[in-house]
There are 2 protein chains.
Amino acid sequence: MEELLPVIDYISRYVDLTDDEKKHLATFLKITRVKKRQFIVQPGFVCKHKSYVVKGAFRGYLIDKQGKEHTLSFAIEDWWISDYSSLIYQEPATLFVEALEDSVLIQIEYENMQRFLEEIPKLEKFERIITQRALAFQQKRLLANFTSTAEERYDEFMSKYTAIAKRVPQYALASYLGFSKEYLSKIRNGKTSKS
Amino acid sequence: MEELLPVIDYISRYVDLTDDEKKHLATFLKITRVKKRQFIVQPGFVCKHKSYVVKGAFRGYLIDKQGKEHTLSFAIEDWWISDYSSLIYQEPATLFVEALEDSVLIQIEYENMQRFLEEIPKLEKFERIITQRALAFQQKRLLANFTSTAEERYDEFMSKYTAIAKRVPQYALASYLGFSKEYLSKIRNGKTSKS
DNA sequence: AAATAAAAATGAACTAGTTTAGGAAATAGG
DNA sequence: CCTATTTCCTAAACTAGTTCATTTTTATTT
């Protein structure tokens with residue numbers, strides 16, 4: 001239970017849970033430790049969990065036909081990550097989700113998620129809210145890609161997600177922002193460095 | 001009530017509602033008729049409704065700094081449309097949502113949505129499910145843009161959303177698929193026409 | 001049915017960002 | 001502390017898709 005507190009506190013930000021409900025919820029959760037470079041989701045395999053990051057960093061990406069990587073999401077402490085469409089439809093994933101550091105997760109298995117939504121209907125509200133936020137986040141990201149140039153997107157990301165920018169490799173950042181690592185390098189060197 | 005049946009049936013696909021609940025739900029809904037070229041959402045104004053299309057066609061798009069249009073979504077009969085992030089955070093919209101034909105909508109006002117989620121908690125599940133689907137849809141769209149070429153995306157869309165493709169102008173389709181109308185025209189004429 | 005406006009097609013010049021291939025610098029592991 | 005691997009930088013050639021200006025076709029209005 002001790003170790004599961006972070007995620008229970010997280011959920012409690014959105015719905016009020018009694019102590020009993022918290023205990024019940026805890027039975028649906030499990031701690032997972034992964035090493036750097038380890039995958040928690042891989043294309044072709046059904047994504048079985050929703051994962052909350054207690055410690056560490058992850059990125060979700062896919063590889064296109066030409067072998068190019070496209071990063072779709074990052075997650076550090078207090079974020080969630082998974083292949084969403086694989087998880088909800090229980091169909092083979094398209095994404096890799098890879099640990100960028102040695103990390104600790106709290107995971108909820110798909111079947112358990114269905115069970116706890118039935119047994120603790122309050123949690124429907126939690127799921128609804130975080131899904132709405134994820135959707136709004138995605139929409140905003142999409143819009144940013146339309147309205148801004150490569151350089152603006154870079155600046156925006158650096159100021160908004162400083163913590164993430166510091167922890168992920170540049171090739172991952174470039175492939176998140178939608179351009180090549182070479183071009184990221186060009187942007188960086190175009191700036192008047194303060195170091 | 002009669003006129004509101006389509007959306008009540010839609011919701012009933014996801015959650016079982018008693019007749020009383022259906023009647024209660026109906027009090028939260030309203031019919032809106034709009035003419036071609038009319039906007040139901042505009043940048044700068046808070047998006048107040050979630051809209052279900054009974055009849056007609058819509059597109060959601062934004063205009064970037066260079067004046068270029070980017071279409072984010074289409075909606076025809078039995079689809080929902082709105083500026084999602086504006087709606088859930090009740091902040092000014094970034095999108096235009098425009099009627100492509102004379103149309104009929106069933107709308108749910110934001111405040112009413114909050115009320116009915118509290119008064120009929122069953123509907124949390126409905127909201128959760130359709131939000132999850134919207135998110136999965138968005139993710140798939142994003143992935144398709146990475147893994148396919150302009151031409152493949154065009155083919156994919158034509159076969160998957162034939163009904164929509166027939167009803168929306170080509171400039172709208174091009175700006176949805178992520179290239180210029182001139183390029184769409186080029187793709188079309190590159191194909192061996194069957195007409 | 002004519003007049004007007006909107007949408008679609010064409011082709012040539014253009015450009016943002018990619019690709020490729022090299023080497024330098026930094027990190028991690030033993 | 002030394003070696004290997006990963007990450008980062010540079011520069012030139014390249015290309016998918018854009019832009020612009022003009023024409024043809026298709027809708028819409030009177």
Side-chain angles (χ1 to χ4, degrees), chain A residues 35-38 56-57 59 61 63-71 74 96 98-103 144-155 157-158 164-193 195, chain B residues 35-38 56-57 59 61 63-71 74 96 98-103 144-155 157-158 164-193 195:
Chain A
K35 285 265 167 211
K36 181 168 176 174
R37 255 173 279 269
Q38 199 175 320
R59 76 171 173 128
Y61 65 98
I63 299 185
D64 67 22
K65 282 174 200 153
Q66 294 88 53
K68 242 178 76 181
E69 292 183 2
H70 301 271
T71 300
F74 291 115
F96 292 92
E98 183 192 15
L100 298 169
E101 310 171 359
D102 293 357
S103 305
N145 281 5
F146 289 140
T147 47
S148 343
T149 64
E151 201 160 345
E152 286 167 344
R153 270 177 279 148
Y154 168 77
D155 289 342
F157 190 90
M158 290 307 283
I164 292 179
K166 278 177 190 154
R167 275 168 82 174
V168 305
Q170 292 200 34
Y171 67 83
L173 183 53
S175 80
Y176 178 88
L177 293 172
F179 43 74
S180 65
K181 58 189 181 0
E182 288 83 356
Y183 195 68
L184 173 57
S185 167
K186 201 172 285 182
I187 290 173
R188 287 216 154 151
N189 288 67
K191 307 253 163 224
T192 33
S193 159
S195 69
Chain B
K35 285 264 165 212
K36 181 169 176 175
R37 256 174 279 268
Q38 199 176 320
R59 76 171 174 129
Y61 65 98
I63 297 185
D64 68 21
K65 283 174 199 153
Q66 294 88 54
K68 242 178 73 181
E69 292 183 1
H70 302 270
T71 300
F74 291 114
F96 292 93
E98 184 192 14
L100 297 169
E101 310 170 359
D102 294 357
S103 306
N145 280 4
F146 289 140
T147 46
S148 341
T149 65
E151 204 159 343
E152 287 166 343
R153 269 176 280 148
Y154 168 78
D155 289 342
F157 189 90
M158 290 308 282
I164 292 179
K166 277 178 190 155
R167 275 169 80 174
V168 305
Q170 292 201 35
Y171 67 82
L173 183 54
S175 80
Y176 178 89
L177 293 172
F179 44 74
S180 66
K181 60 189 183 350
E182 287 85 354
Y183 196 67
L184 173 56
S185 168
K186 204 171 283 180
I187 290 173
R188 286 215 153 153
N189 289 65
K191 306 252 164 227
T192 34
S193 159
S195 69

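Being a predicted model, the structure only gives us computed values, none of them experimental. In what follows, chains carry the letters A, B, and so on, assigned in the order in which the sequence lines appear, proteins first and then strands, with residues in each chain numbered from 1.
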Peer 1: Looking only at atom types and distance, does a side-chain atom of B/Arg167 sit under 3.5 Å from a main-chain N or O of B/Gly56, one as donor and one as acceptor?
Peer 2: yes
Peer 1: As a test of reading the structure: which of D/dC8, C/dA12, C/dA8 is closest to the side chain of B/Lys186, going by heavy atoms?
Peer 2: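 The closest nucleotide is C/dA12.
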Peer 1: Round to a whole Å and report the spacing from CG of A/Asp102 to C1' of C/dA28.
Peer 2: 12 Å
Peer 1: Write down the distance between CG (B/Leu173) and P (C/dA9), rounded to a whole number of angstrom.
Peer 2: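 It is 11 Å, rounded to the nearest whole Å.
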Peer 1: In whole angstrom, give the distance that lies between atom CZ of B/Arg188 and atom P of D/dT24.
Peer 2: 21 Å
Peer 1: Ignoring hydrogens and angles, tell me if any N or O in the side chain of B/Ser148 forms a donor-acceptor pair with the backbone of B/Asn145 under 3.5 Å.
Peer 2: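 Not confirmed, B/Ser148 side chain does not pair with B/Asn145 backbone.
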Peer 1: May I ask you to check whether A/Tyr154 and A/Phe179 place their ring centres under 6.0 Å from each other?
Peer 2: no
Peer 1: Quick one: do B/Lys35 and B/Asp102 make a salt bridge, cutoff under 4.0 Å?
Peer 2: yes
Peer 1: In this structure, how many angstroms lie between the C1' atom of D/dA27 and the CZ atom of B/Arg37, rounded?
Peer 2: 10 Å
Peer 1: Think B/Gln170 has a side-chain N or O under 4.0 angstrom from the OP1 or OP2 of C/dA9?
Peer 2: yes
Peer 1: Could you please name the option among D/dG17, D/dC8, C/dT10 that lies closest to any side-chain atom of A/Pro169?
Peer 2: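 Of all the options, the side chain of A/Pro169 is nearest to D/dC8.
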Peer 1: Anything under 30° is parallel, anything over 60° is perpendicular, the rest tilted; go ahead and classify A/His70 against B/Phe146.
Peer 2: parallel
Peer 1: Measure the CE-CG distance between B/Met158 and B/Leu173 for me, rounded to the nearest 0.5 Å.
Peer 2: 7.0 Å
Peer 1: Contact list please: residues 176-184 of chain B against DNA chain C, heavy atoms, distance less than 4.0 Å, in numerical order.
Peer 2: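 Of all residues in residues 176-184 of chain B, the ones placing a heavy atom under 4.0 Å from DNA chain C are B/Glu182.
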Peer 1: B/His70 NE2 to D/dT18 C1': how many Å, rounded?
Peer 2: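 After rounding, the gap between these two atoms is 12 Å.
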Peer 1: Between C/dT19, D/dG17, D/dC8, which one does the side chain of A/Lys68 approach most closely?
Peer 2: C/dT19
Peer 1: I need the CZ-C1' distance between A/Arg153 and C/dA16, as an integer number of Å.
Peer 2: 11 Å
Peer 1: Could you tell me how far apart A/Asp64 (CG) and C/dT18 (C1') are, to the nearest whole angstrom?
Peer 2: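 The distance from CG of A/Asp64 to C1' of C/dT18 comes to 12 Å, rounded to the nearest Å.
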Peer 1: Give a yes or no on whether the backbone of B/Thr71 and the side-chain of B/Ser175 come within a donor-acceptor separation of less than 3.5 Å.
Peer 2: yes
Peer 1: Round to a whole Å and report the spacing from NZ of B/Lys36 to C1' of D/dT28.
Peer 2: 8 Å
